[in-house]
Amino acid sequence: MSSFMTNPFPNDPDRREIWTMLVERDIDAFLAGDWGMVDGDFVKEGFLGIDAGKSDNPDSWRIGFPTLDVYREEWLRQAAEAKKVKYAEDQRTGIFRATNLQHIEVNGDIAVAHKKFDGTIARADGGKDIMNWQTLYFCRKVGGQWKLTGFIGYAPFPMGTARTA
């Protein structure tokens, strides 16, 4: 298994669990189009997702996902769209390669995980899917398990610089 597919926190139970939830389980569920694989990873009451719209100006960020149900519908829509694309390489490997979750701040029973996407996946038609954004995930330990309470997503990576390739 490639190093980018290996959990970088083998000796840190909290960060290891958060990485598994936000990288491994999220990618596998997305590729399967199976929300049930990640449904238990969320605190449903009070969930909030902010859509940065790939803008580095917080004044333009919007409440894109006021409830978990709204986010679930968009997640499922994106997963269905991704299934329609034919890739020239293994899609799972490509997503893992483009994903970086090295910075997770844990403070007691809350955490902020900084997930960055920066890479491409070759399509069978000769084009490529560009993955270039970042998300801040807000987590809370509930009943001994890390759960997502919300996020600020679709922010440019790096901030302040819009890239096309």
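Side-chain atoms are counted along with the backbone in the values below, which use heavy atoms only and exclude waters and symmetry mates.
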Indicate whether any N or O donor in one side chain lies under 3.5 Å from an N or O acceptor in the other, for Asn7 and Thr20. yes
Count I, L, V, M, F, W, Y as connected when their side-chain heavy atoms are under 4.5 Å apart, and connections chain through other members. Are Ile18 and Phe9 then in the same cluster? yes
So if you build clusters from Ile, Leu, Val, Met, Phe, Trp, Tyr with side-chain heavy-atom gaps below 4.5 Å, do Met21 and Val142 land together? no
Heavy atoms, side chains only, cut-off 4.5 Å: are Asp90 and Ile121 in contact? no
Do Lys115 and Asp26 come close enough that some side-chain heavy atom pair is under 4.5 Å? yes
If I take atom SG from residue Cys139 and atom CD from residue Glu17, how far apart are they, to the nearest 0.5 angstrom? 9.5 Å
Hydrophobic cluster identity match, Ile110 and Ile152, side-chain contacts under 4.5 Å: no
For Leu76, look at atom CG and say whether over 12 heavy atoms of other residues, nucleotides or ligands are found less than 6.0 Å away. yes
Would you mind checking if Glu89 and Lys128 are paired as a salt bridge, meaning a charged N to carboxylate O distance below 4.0 Å? no
Honestly curious: do Leu136 and Ile50 fall in one hydrophobic cluster under the side-chain, below-4.5 Å linking rule? yes
Of all heavy-atom pairs between Trp61 and Met159, which one has the smallest distance, and what is that distance? CZ2-CE, 4.0 Å
Nearest-0.5 Å distance, CG of residue Leu22 to CD1 of residue Ile27: 10.0 Å
Nearest heavy-atom neighbours spanning Asp51 and Gly53: OD1-N, 2.7 Å
Taking every non-hydrogen atom, the tightest pair across Met131 and Ala98: SD-CB, 3.9 Å
Is any side-chain heavy atom of Thr120 less than 4.5 Å from a side-chain heavy atom of Asn132? no
Using a 3.5 Å distance criterion without hydrogens, assess whether the side chain of Thr149 forms a donor-acceptor pair with backbone atoms of Phe47. no
For the residue pair Arg16 and Asn11, what are the closest heavy atoms and their distance? NH1-N, 4.4 Å
Hey, could you give me the CZ/CG distance between Phe65 and Leu48, rounded to the nearest 0.5 Å? 10.5 Å
Which heavy-atom pair separates Leu101 from Trp19 by the least distance, and what is that distance? O-CD1, 3.3 Å
With sequence neighbours excluded, give me every salt bridge (charged side-chain N to carboxylate O under 4.0 Å, His left out) pair touching residues 33-49. Arg25-Asp41, Asp39-Lys44
Are Arg140 and Asp109 close enough, and set up right, to give a salt bridge (Lys or Arg N to Asp or Glu O under 4.0 Å), and what steps lead you there? CA-CA 6 Å; Arg140 183 179 328 128; Asp109 287 345; over 6 Å; no
Could you tell me whether the side chains of Trp146 and Asp14 share a donor-acceptor contact shorter than 3.5 Å? yes
Write down the atom of Gly33, the atom of Trp75, and the distance for their closest heavy-atom approach. C-CZ3, 4.3 Å
Does any pair with a residue in residues 82-110 pass ring-ring contact (aromatic ring centres under 6.0 Å, His included), and if so which ones, sequence neighbours excluded? His103-His114
Does Lys86 come within less than 4.0 Å of Asp125, counting only side-chain N to carboxylate O? no
Does any non-hydrogen side-chain atom of Lys83 lie less than 4.5 Å from one of Gln78? no
Which ILVMFWY residues are connected to Met37, directly or by a chain of links, through side-chain heavy atoms under 4.5 Å apart? none
Look only at the side chain of Ser55 and the backbone of Asn57, and say whether a donor-acceptor pair between them is shorter than 3.5 Å. yes
Counting distance only, does the side-chain N/O of Gln134 pair as donor-acceptor with the main-chain N or O of Pro156 below 3.5 Å? yes
Between Asn100 and Gln102 (side chain of the first, backbone of the second, donor and acceptor by atom type, cut-off under 3.5 Å), is there such a pair? yes
Taking CZ in Arg72 as the centre, count heavy atoms belonging to other residues, nucleotides or ligands within less than 6.0 Å. Is the count above 12? yes
Do the non-hydrogen side-chain atoms of Glu74 and Val70 ever get within less than 4.5 Å of each other? no
State whether the side chain of Lys141 and the backbone N or O of Lys147 hold a donor-acceptor pair below 3.5 Å, judged by distance alone. no
Looking at Trp35 versus Phe42, is the centre-to-centre ring distance below 6.0 Å? yes
Hey, does Val85 have a side-chain heavy atom less than 4.5 Å from the side chain of Arg123? yes
Under 4.5 Å between side-chain heavy atoms, counting indirect links through other Ile/Leu/Val/Met/Phe/Trp/Tyr residues: same cluster for Phe117 and Phe151 or not? yes
Compute the ring centroids of Trp133 and Phe157, then answer whether they are less than 6.0 Å apart. no
Can a donor-acceptor pair be found, under 3.5 Å and without considering hydrogens, that links the side chain of Arg15 to the backbone of Ile104? yes
